[in-house]
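In the text below, chain A, chain B and the rest are named by the order of the sequence lines, each starting its count at 1. These numbers come from a predicted model, not from an experiment.
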Amino acid sequence: MILPKSFYERDPAVVARELLGNMLVVRDKEVLKGRIVETEAYYGLSDPASRAFKGKTKLSRWMWEDAGSTFVYMVHGYWLFNIITERKGKPSGVLIRAVEPVEGIEHMMKRRGKEKIRDLTSGPGKLTISFNISGKDNGLKVYDPESRISVEKCDDKKFNISTSGRIGVREDLQEHLRFFIEGNEFVSR
DNA sequence: AGGAAGATCTACT
DNA sequence: GTAGATCTTCCTA
């Protein structure tokens with residue numbers, strides 16, 4: 001079962017919260033799966049921390065795509081993975097900050113060059129290395145089962161959700177826009 | 001040519 | 001746990 005496009009056509013904070021517990025899936029030669037345990041919401045034009053804040057550029061143009069599209073960009077030498085929310089022409093999105101490895105763990109270890117499972121995906125730049133996600137993966141549709149990257153629905157929601165301010169942003173908004181599964185060891189920091 | 005960016009690693013206390 | 005170096009694109013001048 002895959003999450004439908006309509007799931008993403010909502011406020012980014014709602015999508016960020018409800019993405020927790022679902023499964024990020026990448027299909028290469030091998031299949032890689034991870035349970036989403038930490039997210040952050042980014043509003044487009046009204047959010048100083050958002051890539052879209054300074055307008056549409058070659059870099060940020062993917063945020064103007066329709067809901068459920070991927071947006072990958074580079075920060076400090078690492079790729080960060082986002083899913084676009086709301087609707088085409090209204091930029092906003094959700095950053096996937098951490099996942100819990102579920103399938104293809106040996107491949108992740110190999111790609112990361114780390115033995116400890118905890119080190120594989122416990123941060124936004126780490127998970128893109130483990131899952132082999134980079135700038136070439138912009139504009140994919142995560143609601144399309146044929147897509148290289150997709151998100152599967154998971155009904156097991158037995159966990160508590162905590163919130164906080166976003167991490168690493170220069171000018172954060174008032175609201176808490178970071179969401180994570182309480183007590184999960186793969187949550188960053 | 002120089003800088004910025006939603007981070008991570010390493011090497012210490 | 002914290003401090004400082006360093007990572008890689010793309011943007012701006």
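Around the NZ atom of A/K110, the shell of radius 6.0 Å holds no more than 12 heavy atoms that belong to other residues, nucleotides or ligands. With a 6.0 Å radius and a threshold of 12 heavy atoms from other residues, nucleotides or ligands, A/E171 has its CD atom at or below the threshold.
One can place CD1 of A/I96 at 15 Å from P of B/dA7, the figure rounded to the nearest angstrom. Note: OH (A/Y73) to C1' (C/dT9) measures 13 Å, nearest angstrom. Protein atom CG of A/D119 is 14 Å distant from nucleotide atom C1' of B/dA7, rounded to whole Å. For A/L80 and C/dC10, the CG to C1' distance is 14 Å, given to the nearest whole Å. The separation between A/Y78 atom OH and B/dT8 atom P is 7 Å, rounded to whole Å. Atom NZ in A/K116 sits roughly 11 Å away from atom P in B/dT10 (whole-Å rounding). Rounding to whole angstrom units, CH2 of residue A/W79 and C1' of B/dA7 are separated by 14 Å. Between A/K126 atom NZ and C/dC7 atom P there is a gap of 18 Å when expressed in whole angstrom units.
Set against B/dA7, C/dC11, C/dT9, the side chain of A/T57 has C/dC11 as its closest nucleotide. Nearest to the side-chain atoms of A/V75 among the listed nucleotides C/dC11, B/dC9, B/dA5 stands B/dA5. Of the candidates C/dT8, B/dT8, B/dA7, the closest approach to any side-chain atom of A/M74 belongs to C/dT8. Nearest to the side chain of A/L59, among B/dA5, B/dC9, C/dC11, sits C/dC11.
Nearest-nucleotide mapping onto DNA chain B: of A/S122 and A/G77, the residue sitting toward the 5' end is A/G77.
Contacts of A/R112 with the nucleic acid, taken as non-hydrogen atoms under 4.0 Å apart, involve only primed sugar atoms and P, OP1 or OP2.
Between A/R166 and A/L173 there is a side-chain heavy-atom pair separated by less than 4.5 Å.
Residues A/I161 and A/F7 are members of one and the same hydrophobic cluster, defined by side-chain heavy-atom contacts under 4.5 angstrom among Ile, Leu, Val, Met, Phe, Trp and Tyr.
Figure legend. B/dT10 is base-paired to C/dA3; pairs are counted as Watson-Crick or G-U wobble with both atom distances under 3.5 Å.
A salt bridge links A/D66 with A/K5: the closest approach of a Lys/Arg side-chain nitrogen to an acidic carboxylate oxygen falls below 4.0 angstrom.
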